[in-house]
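One structure is given here, and the rest of the page talks about it.
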Amino acid sequence: MSERVVPEPQRRRRRPTKQGVVLSRELIIDTALRLVGQHGAEALTVRRLGTALGADPSAVYRYFHSTDDLLLAIADELIGRAQAGWRPTGDWRADLRSIGLRIHTAYLAHPQAALLAAHRTTGRSHEAAAVETILGVLRTAGFPDPEAVAIYHAFVDQSLGFAALDAAALALPAAAATADLQVWQASYARLDAATHPHIAATAHLLSTDMRRSGYPYALDLLLDAAAARLAGGLRGGGRPAGGRGRAAPGARPVADG
């Protein structure tokens, strides 16, 4: 694609496509999500989109500068879906837990797209709203700004990191996914206690626990640590924000309610 996006008022196609639909950003994003879900990253091309939309591929130029522009729009759409219907309760820990699980779930509903988008920073409306919400929850809870930013950074990276990891597992071919899970019983459960005493003692637990995402438990650990710091008066203070943060929300299916 090239830099040929048409201004918003001029975008609307007056005639329906061959499939009887009128093009829009929303329709193109939904179609792209479906194609990527069915065929993987290689499906994110103008030619395939045009075919699926029943339109000339060049029509996509009216809405997006490039395939990367479309990818960022997809990433922002996933963030928006994570926020849809969320309402604060006033309990900062419960609110952040809810947001985290929503991020994880929204990305895992589209695992192939999650692999493409979980690491991107969009700077768009849904992402900005999510950043504002999360920081607002933390600042309102009483975390000073450096600590709020540090927790925000850890919270979002954890959410998206698990989303990408669990999405990769979901995106595996069925045979490979089954083989990976069977390793815990076929290999680890048979290790000799004389050489691997700790694995042998916990093999029955490992074979069960490794079938579900570790995210809900990891999320609780992070929130417990944040709550303990807040209750303890944040001794030592918050660390300065640093590194390359991600500004987006975001499985093996979430195994916790």
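Quick note: numbers below take in every heavy atom, side chains included, and nothing from hydrogens, waters or symmetry partners. For reference, positions follow the sequence shown, starting with 1.
- A donor-acceptor pair under 3.5 Å links the side-chain atoms of Glu127 to the main chain of Thr122, judged by distance alone.
- For the residue pair His153/Asp157, the side-chain donor-acceptor check at 3.5 Å is satisfied.
- For Phe155, the ring pair (Phe, Tyr, Trp, His ring centres under 6.0 Å) test picks out no residue, with sequence neighbours left out.
- Between the side chain of Asp166 and the backbone N or O of Ser213, no donor-acceptor pair lies under 3.5 Å.
- No salt bridge links Arg47 with Asp56; every basic N to acidic carboxylate O contact stays at or beyond 4.0 Å.
- Following chains of ILVMFWY side-chain contacts shorter than 4.5 Å, one cannot reach Ile29 starting from Leu72, and the two form parts of different hydrophobic clusters.
- Side-chain N or O atoms of Gln158 include one that pairs as donor or acceptor with a backbone N or O of Ala218 at under 3.5 Å.
- Surrounding CZ of Arg190 are at most 12 heavy atoms belonging to other residues, nucleotides or ligands under 6.0 Å away.
- When every heavy atom of Ala114 is checked against every heavy atom of Ala167, the shortest pair comes out as CB-CB, 3.7 Å.
- Hydrophobic clustering (ILVMFWY, side-chain heavy atoms < 4.5 Å, transitive): Leu35 and Leu115 are in distinct clusters.
- Of all heavy-atom pairs between Ala94 and Thr89, the closest is CB-OG1, 4.3 Å.
- Hydrophobic clustering of Ile, Leu, Val, Met, Phe, Trp and Tyr side chains at less than 4.5 Å, counting indirect connections, unites Ile74 with Phe64.
- For the pair His39 and Val36, the minimum side-chain heavy-atom distance is 4.5 Å or more.
- For the pair Leu138/Tyr152, a side-chain contact is recorded, criterion being any heavy-atom separation below 4.5 Å from C-beta on.
- Linking ILVMFWY side-chain heavy atoms closer than 4.5 Å, directly or via other members, places Val183 and Leu172 in two distinct hydrophobic clusters.
- Taking 4.0 Å as the cut-off between side-chain N and carboxylate O, Asp30 and Arg81 count as a salt-bridged pair.
- Listed for the Gln185 side chain is no donor-acceptor partner under 3.5 Å among the backbone atoms of Ser207.
- A donor-acceptor distance shorter than 3.5 angstrom exists from the side chain of Thr178 to the backbone of Ala174, with no hydrogens or angles considered.
- A donor-acceptor contact shorter than 3.5 Å links the side chain of Arg102 to the backbone of Ala84.
- With Asp95 contributing its side chain and Pro88 its backbone, the two residues share no donor-acceptor pair below 3.5 Å.
- The environment of Glu42 atom CD is dense: over 12 non-hydrogen atoms of other residues, nucleotides or ligands sit within 6.0 angstrom.
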List the steps and the verdict of salt bridge (Lys or Arg N to Asp or Glu O under 4.0 Å) for Asp68 and Arg120.
CA-CA 10 Å; Asp68 196 61; Arg120 300 303 301 272; 2.7 Å; yes
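- Glu77 places a side-chain heavy atom less than 4.5 Å from the side chain of Leu33.
- Taking 4.5 Å as the limit, some side-chain heavy atom of Gln83 sits within range of a side-chain heavy atom of Ile79.
- Leu49 places none of its side-chain heavy atoms less than 4.5 Å from the side chain of Pro57.
- Tyr63 places a side-chain N or O within 3.5 Å of a backbone atom of Leu23 that can act as its donor or acceptor partner.
- In the model, Tyr215 has a side-chain atom that pairs as donor or acceptor with a side-chain atom of Ser159 under 3.5 Å.
- Residue Ile28 is grouped with residue Leu116 when hydrophobic side chains (ILVMFWY) are merged at heavy-atom distances under 4.5 angstrom, including chains of intermediate members.
- Not one N or O on the side chain of Ser187 forms a donor-acceptor pair closer than 3.5 Å with the backbone of Trp184.
- Side chain of Thr45 to backbone of Arg48: a donor-acceptor contact under 3.5 angstrom is found.
- Ion pairing between Arg93 and Asp224 holds under the 4.0 Å rule for side-chain N and carboxylate O.
- In this structure, CG on Leu135 lies 8.5 Å from CG on Asp145, to the nearest 0.5 angstrom.
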